[in-house]
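In what follows, every chain begins at residue 1, and chains take the letters A, B, ... in the order their sequences are listed.
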Amino acid sequence: MSTHAKTAAKPAKPSRVGAVANWVDERAGIATAAKKQVRKVFPDHWSFMLGEIALWSFVVLLLTGVFLSLWFKPGMGEVIYDGSYEQLRGLHMSEAYASTLEISFDVRGGLLMRQMHHWAAMLFIAAMFVHLMRVFLTGAFRKPRELNWMIGGVLLLLGILEGFAGYSLPDDLLSGTGLRIADGLVKATPIVGTYMSFFMFGGEFPGDVIVPRLYIVHVLLIPGLLLALIGAHMMLLVYQKHTQWPGPGKTEENVVGYPMLPIYAAKAGGYFFIVFGVTALLGGLVSINPVWRYGPYNPAEVTAGSQPDWYMGVAEGLLRIFPGWETEIFGVTISWNVMLPGQIFPMLILGGTLLYPFIEQWITGDKREHHLLQRPRNAPNRTAFLAAMMSLYGLLWAAGGNDILAILFNLNLNHITYFMRVAVFVIPPIVFWLTRRWCISLQRHDHEKLLHGYETGVIMRSPEGAYSERHLPISEAEAYYITAQEPEKVYELPAETDMNGVANRKARAMKLRARMSKYWFGDNVPRPTREELEAARLHAEHELAQHDPDGHQHLPAGGYTGSHELDGHPVDGHQFDGRHSVEGEELRKH
Amino acid sequence: MTDLVHDPNNPTTAGNPDAVAHPVGDPGFAEHRPRPTDVDPAAEKRAERQIATFFGLSSLMAILFCVAYFTFDIGDDPDTILGMGASNVTLGLTLGLALLFIGIGAIQWSRKLMSDTEIVEMRHALRSPDEDREEAITAFNTGVEDSGIARRPLIRNSLLGAAGTLLLPVIVALRDLGPLPGDALYHTVWKEGMRVVNDVSGSPIRPEWVRIGQLVNAEPEVFYNPEPYDSEPIEGHHLLAEKAKAALILVRMQPDDITPAEGRENWGVDGILAYSKICTHVGCPISLWEQQTHHLLCPCHQSTFDLADNGKVIFGPAARALPQLPLAVDDEGYLIATSDFTEPVGPSFWERG
Ligand code: HEM
Ligand code: FES
């Protein structure tokens with residue numbers, strides 16, 4: 001490891017810190033581990049912060065959650081409310097609901113902590129979602145990071161379950177309705193549905209045990225699992241080292257960035273306080289889940305426009321648009337209308353997510369390690385797949401709020417639902433196709449830039465009177481960045497004769513793989529070779545020389561330099577990636 | 001300018017046929033440009049003061065938090081600011097700013113005063129070296145050999161059996177999580193002669209009190225008045241569980257509009273029909289009534305039922321009609337049920353058939 005540190009480490013003077021470190025090291029031998037980690041290098045990019053936000057909001061959840069648990073009573077015993085909130089005084093309600101009201105109205109800072117807890121939960125799940133998409137789009141899940149991808153997927157699932165459990169704790173009308181729906185989902189399970197429901201609720205819904213049971217799940221079981229998995233996630237991250245964007249000086253073999261101490265200690269520590277601070281501001285200023293307005297749970301009441309938390313929107317949308325299919329056969333009932341959208345689809349989505357790296361690996365046959373990230377355009381199918389999934393997500397989410405849409409836009413609710421039933425099949429493929437085309441045309445554009453330079457916007461008039469736009473070569477750094485991706489190989493079937501010995505089933509799989517691989521890579525624009533680039537450079541030089549007979553602007557030998565000036569400003573497209581200084585940047589940065 | 005060279009000894013690229021020379025060539029790191037704080041001591045001093053100011057402001061906010069905590073009342077007669085609870089708003093603001101200022105200060109510190117030269121660290125191979133692998137395998141094999149697990153199938157198999165059998169206690173011990181369903185889902189508290197009462201006042205209902213087009217949320221009288229039915233008072237979670245099955249919708253339509261199914265001709269009283277309030281989809285209580293069309297809409301997933309046509313589903317994800325409760329009038333002229341529901345109410349389940 002080479003460092004550019006200004007001064008070499010001096011032998012430690014005996015100091016108080018040194019004495020403590022010595023005491024610990026004599027017992028735990030921490031120096032050996034610390035010497036590697038203290039100056040560990042992490043690459044820098046704004047998108048690497050998304051996972052960090054998820055991590056910090058989890059810490060905020062732990063802190064605010066512990067505060068809440070000092071007052072919250074996870075009981076379903078009936079009490080008569082006599083707290084500060086007048087509108088509900090005298091009503092029968094569960095201890096859980098009464099204590100949530102107490103936290104909200106009779107504990108100073110209690111409402112703040114409740115709202116911070118809920119906001120942090122939103123942030124936690126949202127950040128995990130966006131982080132997952134970042135990892136997906138940049139191919140950061142490829143070997144050797146498949147394990148961390150799967151851990152991440154499980155974390156997201158656990159986060160959603162944890163959120164649902166938390167949402168159910170206050171035992172207000174909305175959370176009870178959510179549990180009622182969960183009960184319906186469980187009951188739709190073939191054969192054991194009613195048993196599962198009775199075991200879950202300790203008898204008939206709602207019973208008197210579900211809140212205490214969910215409480216222990218919410219404060220111990222899932223947080224414990226989350227903590228362990230987050231630990232594993234971070235340890236793998238440290239061991240494998242972070243991926244980085246390609247660029248000058250960055251290779252598959254190195255990591256370029258800033259050291260843990262002091263840069264990331266200050267930055268990451270700073271982000272923690274910022275996430276914490278933002279949730280505190282939200283908790284203070286923006287109301288969330290005002291349970292006192294909903295009233296205690298009553299299975300015979302419901303509020304119109306009842307909505308779960310946003311991360312449940314997709315499940316809600318699926319439930320809403322599914323047709324009412326049910327089969328009664330041999331004296332049993334199979335509730336397709338609940339089982340498919342409520343149980344099977346979510347499991348398929350989870351399974352597909354966890355297995356995605358392996359599916360892609362099978363298609364591409366790519367078993368190499370990857371530490372340099374891919375630009376989304378360079379993996380058109382992957383990017384298009386995510387875009388299609390996002391459109392599906394958006395549609396289902398909208399379907400989950402179809403009543404709200406109907407009121408908002410004065411539409412017929414049934415028409416929205418019919419539209420959604422068709423749209424979920426039609427729109428994602430269209431989005432896939434469009435995104436794929438778009439990625440490929442971006443690749444072509446890159447290719448153009450490499451061979452013919454970028455468009456300067458300067459219109460030249462030739463001596464003959466013809467007009468043309470002036471192209472200038474891009475900088476070497478940008479050219480290097482654009483061409484960073486190593487060429488891919490389409491999987492090809494072995495020769496006909498070699499296939500003869502292969503069992504039929506295997507041959508079919510191989511053919512499928514060859515077709516998919518062809519589709520996967522087939523339309524990608526290959527990066528130009530050294531010779532092509534050289535030829536293009538000579539051509540450009542020739543043109544420039546023609547434009548400027550007095551020879552002001554010709555290219556120095558050696559190719560890309562990025563020193564071509566247009567009104568005195570070097571333009572290489574790399575200025576705004578945060579790693580390069582640009583003129584005037586200090587105004588922006590400091 | 002040097003080409004990116006792939007190290008043949010590095011496992012990340014070794015044996016990789018595609019690791020061809022890069023067409024452009026790595027131009028190497030851009031030259032480091034000093035920041036103002038690197039070269040101008042005055043700028044450095046300014047940055048130092050600025051960062052310390054952030055930390056100072058944070059302390060101030062933390063103190064203001066404590067002041068706000070003791071200043072503003074909550075509870076019965078809370079202080080307000082702009083219509084919001086003063087305590088919550090000021091606590092949130094001061095805590096939020098106290099935290100944000102620490103965060104901003106720390107990040108400014110890292111950006112302005114800490115060194116901003118990127119440093120390079122080499123990756124190491126992720127897999128263990130071959131010798132280590134071999135040693136590990138040898139160690140493992142020695143251990144396995146010593147245990148004799150391969151040579152003594154009797155021990156191995158009985159141990160596997162024992163471990164497997166341990167699953168039984170694990171499952172059996174969970175048995176008491178709840179009672180078995182039995183026939184609980186097939187019955188509600190409705191029975192012959194049970195009065196239908198208003199779910200707010202608990203008072204019985206005469207047919208002539210219900211206007212045409214009106215919807216009344218109703219419940220069985222036993223919830224309010226158990227004595228006539230020889231029942232213990234139903235309270236607490238038992239009440240909720242029973243309500244979750246017995247909640248009722250009472251509607252009055254023009255008798256001509258109603259098309260009763262066979263056998264249901266006398267289930268109504270003068271155009272008054274009673275249906276389960278619990279959606280057959282996943283169990284939400286249904287409430288949105290359109291009197292012109294006789295449609296009842298579930299607010300959860302918008303299943304729509306036609307109450308003039310035996311509660312049939314006309315739209316949405318629900319698959320089954322709303323169960324109907326047969327009605328009659330007792331000696332004193334109040335509405336009563338003539339039996340329990342004739343089928344399970346609420347969400348479908350496997351064995352309901
Ligand atoms: C890790 C992710 C977590 C998520 C996503 C999460 C989410 C939630 C949500 C959405 C609520 C409902 C809040 C409301 O009333 O509006 C809640 C309530 C609650 N949570 Fe968490 N929580 C998490 C972790 C924790 C932890 C670690 C603890 C305790 C150690 C905790 C303790 C509580 C308590 C006591 C309540 C009920 C108090 C109330 O509702 O006012 N939570 N949680
Ligand atoms: S619960 Fe009524 S439509 Fe889903």
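Taking CZ of B/Phe101 as the reference point, atom CD1 of A/Ile274 lies at 11.0 Å (rounded to 0.5 Å). Rounding to the nearest 0.5 Å gives a distance of 10.0 Å between CG of A/Asp208 and CG of B/Leu240. Going from atom NZ of B/Lys243 over to atom OH of A/Tyr297 covers 10.0 Å, rounded to the nearest 0.5 Å. Between the CZ atom of A/Phe272 and the CG atom of B/Leu99 there is a distance of 7.5 Å, given to the nearest 0.5 Å. For the atom pair CD of A/Glu253 and CZ of B/Arg123, the computed distance is 9.0 Å after rounding to the nearest 0.5 Å. Here the straight-line distance linking atom CZ of B/Phe65 with atom CG of A/Leu112 works out to 6.5 Å at 0.5 Å rounding.
Proximity to chain A is limited to the side chain of B/Arg320, based on heavy atoms less than 4.5 angstrom apart. The parts of B/His281 that come within reach of chain A are both its backbone and its side chain, each placing non-hydrogen atoms under 4.5 angstrom from that chain. Both the backbone and the side chain of B/Phe70 have a heavy atom closer than 4.5 Å to some heavy atom of chain A. Only the backbone of A/Pro323 comes within less than 4.5 Å of a heavy atom of chain B; no side-chain atom from C-beta onward does. Heavy-atom distances place no part of A/Pro341 under 4.5 Å from chain B, backbone and side chain included. Interface residue A/Ser335: only side-chain heavy atoms are found under 4.5 Å from chain B. Heavy atoms closer than 4.5 Å to chain A are found in the side chain of B/Ile278, but not in its backbone. With a 4.5 Å cut-off on non-hydrogen atoms, A/Tyr271 touches chain B through its backbone and its side chain both. No part of A/Val192 comes within reach of chain B, as not one of its non-hydrogen atoms sits under 4.5 angstrom from that chain. Neither the backbone nor the side chain of A/Ser104 comes within contact range of chain B; no heavy atoms are under 4.5 Å apart. If you measure heavy-atom distances from A/Gln115 to chain B, the contacts under 4.5 Å come from the side chain alone. Only the backbone of B/Ala318 comes within contact range of chain A, judged by heavy atoms closer than 4.5 Å. Heavy atoms closer than 4.5 Å to chain A are found nowhere in B/Val313, neither backbone nor side chain.
The choice from B/Glu235, B/Arg352, B/Gln302, B/Met114 that makes the most heavy-atom pairs within less than 4.5 Å of chain A is B/Gln302. For the options B/Ala43, B/Ala47, B/Pro317, heavy-atom pairs under 4.5 Å to chain A are most numerous at B/Pro317. Among the candidates B/Pro179, B/Pro347, B/Pro78, the residue making the largest number of heavy-atom pairs closer than 4.5 Å to chain A is B/Pro179. Ranked by heavy-atom pairs under 4.5 Å with chain A, the list B/Ser58, B/Pro181, B/Ala247 is led by B/Pro181. Per-residue heavy-atom pair counts under 4.5 Å with chain A were compared for B/Phe29, B/Tyr69, B/Trp109, and the maximum is reached by B/Tyr69. With respect to chain B, the highest number of heavy-atom pairs below 4.5 Å among A/Val338, A/Ile482, A/Ile191 belongs to A/Ile191. The greatest number of non-hydrogen atom pairs below 4.5 Å with chain B, out of A/Trp325, A/Phe199, A/Tyr195, is found for A/Phe199. Annotation: maximal heavy-atom pairing with chain B below 4.5 Å, among A/Gly193, A/Gly324, A/Gly331, A/Gly184, occurs at A/Gly324. Heavy-atom pairs under 4.5 Å with chain B were tallied for A/Ile321, A/Asn298, A/Asn337, A/Asn414; the largest tally goes to A/Asn414. Contact tally against chain A (heavy-atom pairs below 4.5 Å) for B/Ala68, B/Gly236, B/Gly178: the top residue is B/Gly178. Considering only heavy-atom pairs separated by less than 4.5 Å from chain B, the leading option among A/Glu78, A/Lys187, A/Met116, A/Arg180 is A/Arg180. Most heavy-atom pairs under 4.5 Å with chain B, from the set A/Leu413, A/Thr529, A/Thr279: that is A/Leu413.
Although no hydrogens or angles enter the test, the distance criterion places no donor-acceptor pair under 3.5 Å between the side chain of A/Asp106 and the main chain of B/Gly75. Not one N or O on the side chain of A/Arg108 forms a donor-acceptor pair closer than 3.5 Å with the backbone of B/Asn88. The backbone N or O of A/Gly249 lies less than 3.5 Å from a partner atom in the side chain of B/Asp26, making a donor-acceptor pair. Under the 3.5 Å distance criterion, the side-chain polar atoms of B/Lys277 are matched with a main-chain donor or acceptor of A/Ala300. Judged by distance alone, the side chain of A/Tyr258 and the main-chain N or O of B/Ser115 form no donor-acceptor pair under 3.5 Å.
Ring geometry for B/Phe315 against A/Tyr418 counts as perpendicular: the plane angle is over 60°, on a 0 to 90° scale with 30° as the lower cut.
Looking at heavy atoms from C-beta onward, A/Asn254 lies out of side-chain contact with B/Glu121 at the 4.5 angstrom threshold. Between A/Tyr85 and B/Asp76 there is no side-chain heavy-atom pair separated by less than 4.5 Å. Between B/Cys284 and A/Ile181 there is a side-chain heavy-atom pair separated by less than 4.5 Å. Side-chain contact between B/Leu185 and A/Phe198 is present, with heavy atoms from C-beta onward closer than 4.5 Å. Side-chain contact between A/Val256 and B/Ile119 is absent, with no heavy atoms from C-beta onward closer than 4.5 Å. Under the 4.5 Å side-chain criterion, counting only non-hydrogen atoms from C-beta, A/Thr194 is not in contact with B/Trp350. Between A/Val255 and B/Val120 the shortest side-chain heavy-atom distance does not fall below 4.5 Å. Contact annotation: the side chain of B/Glu351 never approaches that of A/Val332 to less than 4.5 Å [non-hydrogen atoms, C-beta and beyond].
For B/His237 and A/Phe201, the ring centers sit 6.0 Å or farther from each other.
Taking all atoms of both residues into account, the shortest heavy-atom contact from B/Gly25 to A/Tyr480 is O-CD1, 3.4 Å. Nearest heavy-atom pair across A/Ala266 and B/Ala106 is O-CB, 3.6 Å. Here the shortest heavy-atom pairing between A/Val302 and B/Pro299 reads CG1-CG, 3.4 Å. For B/Val282 against A/Leu185, the heavy-atom pair with the smallest separation is CG1-N, 4.1 Å. The nearest pair of heavy atoms linking A/Pro299 to B/Pro285 is O-CG, 3.1 Å. Closest of all the heavy-atom pairs between A/Lys267 and B/Ser110 is CG-OG, 3.3 Å.
Open room surrounds NE2 on B/His238; 12 or fewer heavy atoms of other groups in view lie less than 6.0 Å from it. Atom CH2 of A/Trp336 sits in a sparse spot, with 12 or fewer heavy atoms from other residues, nucleotides or ligands closer than 6.0 Å.
Side-chain atoms of B/Ser348 and A/Glu326 form a donor-acceptor pair, as typed in the model, at a separation below 3.5 Å.
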Exercise for review: Report the C-alpha distance between A/Gln240 and B/Leu126 in whole Å, list the side-chain angles of each, state the deciding distance to 0.1 Å, and finish with yes or no for side-chain contact (heavy atoms from CB on, under 4.5 Å).
Suggested key: CA-CA 7 Å; A/Gln240 298 178 334; B/Leu126 296 177; 4.1 Å; yes

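A salt bridge links B/Lys245 with A/Glu204: the distance from a Lys NZ or Arg NE/NH1/NH2 to an Asp or Glu carboxylate oxygen falls below 4.0 Å.
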